[in-house]
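Below is one structure, written out as structure tokens; comments come after it.
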Amino acid sequence: MVVASGTNNAFGKEMAIRKRIASIFNKREEDFPSLREYNDYLEEVEDMIFNLIEGIDVPAIEAKIAQYQRENAEQIMIAQARKAEEYAAALAASKGQPTQPDGDAALGLGPRAESSTGPQGHYAPAVAGGIAQPRPTQPLPVGSIPGLEYEDEETMKLKAEKAARAGGWSLEISRKRALEEAFGSLWV
């Protein structure tokens, strides 16, 4: 598929703008008293992003962003810390490590959105507004046993070799094929 370089640059510009705006305007639904107010906030943010991408009234939008940053600096930092903490917890859960105790109480950040994980990559349903929201589950890889780690690199190589042989691969066949391909292209 051929993509024009201008299209790729425009996409990169849009992604950079979206990333910058999302780091500043990072409120969540639970930060608003009603869904209507949250949707209005999202619509306003999308309008600003669109105008910045298209170059419409950029100085006024930049002034609005700067004013918002000054007025909401503490909330922005709290939301960024909450996001970093959730990312760290998700990363630890994906590696099968126990998560650290909830640091929100110590930081004074208040309640967090429920996004706990269950056993090794399976998501537990989150409760939003008293109604359980189902989350997609991620199947475990074939042959993996939760909590079982490989002891060393040698064991991993041995298992990989056994799996390759079980699939019908062998070093001799690979060598024979490489030689046939190499000498098959020679003209005598």
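For the single chain, residues carry numbers from 1 onward in sequence order. Excluded from the calculations below are hydrogen atoms, water molecules and symmetry mates; all remaining heavy atoms, backbone and side chain alike, are included.
The backbone N or O of Leu35 lies less than 3.5 Å from no partner atom in the side chain of Glu29, so there is not a single donor-acceptor pair.
Considering only heavy atoms from C-beta on, Glu181 comes within 4.5 Å of Arg177 through its side chain. Considering only heavy atoms from C-beta on, Lys176 stays 4.5 Å or farther from Ile173 through its side chain.
No chain of hydrophobic side-chain contacts below 4.5 Å, direct or via other Ile, Leu, Val, Met, Phe, Trp or Tyr residues, connects Phe32 to Ile78. Under the 4.5 Å side-chain contact rule for hydrophobic residues, Leu42 and Ile49 share a cluster. A single hydrophobic cluster is seen to contain both Val58 and Val45, as judged by linkage of ILVMFWY side chains at heavy-atom distances under 4.5 Å, directly or through other members.
Between Ser23 and Ile76, the shortest heavy-atom contact is O-CG2, 3.6 Å. Shortest non-hydrogen contact noted between Leu91 and Ser94 is O-OG, 2.7 Å.
Residues passing the side chain to side chain contact (heavy atoms under 4.5 Å, CB included) test with Glu54, sequence neighbours excluded: Phe50, Ile56. Scored by the side chain to side chain contact (heavy atoms under 4.5 Å, CB included) test, Asp31 finds Lys27, Arg28, Arg82 as partners (sequence neighbours excluded). Judged as a side chain to side chain contact (heavy atoms under 4.5 Å, CB included), and not counting sequence neighbours, the contacts of Lys162 are Leu158, Arg165. Partners of Lys157 according to the salt bridge (charged side-chain N to carboxylate O under 4.0 Å, His left out) rule, which considers only residues two or more places apart in sequence or in another chain, are Glu153. By the side chain to side chain donor-acceptor pair (under 3.5 Å) test, Gln69 is found to be paired with no residue, residues two or more places apart in sequence or in another chain being considered. Remark: Ile61 engages Met48, Asn51, Leu52, Ile65 in a side chain to side chain contact (heavy atoms under 4.5 Å, CB included) (not counting sequence neighbours).
The aromatic rings of Phe25 and Tyr41 sit tilted relative to each other, their planes meeting at an angle between 30° and 60°.
Residue Ile53 holds its CD1 atom at 5.5 Å from CZ of Arg18, rounded to the nearest 0.5 Å.
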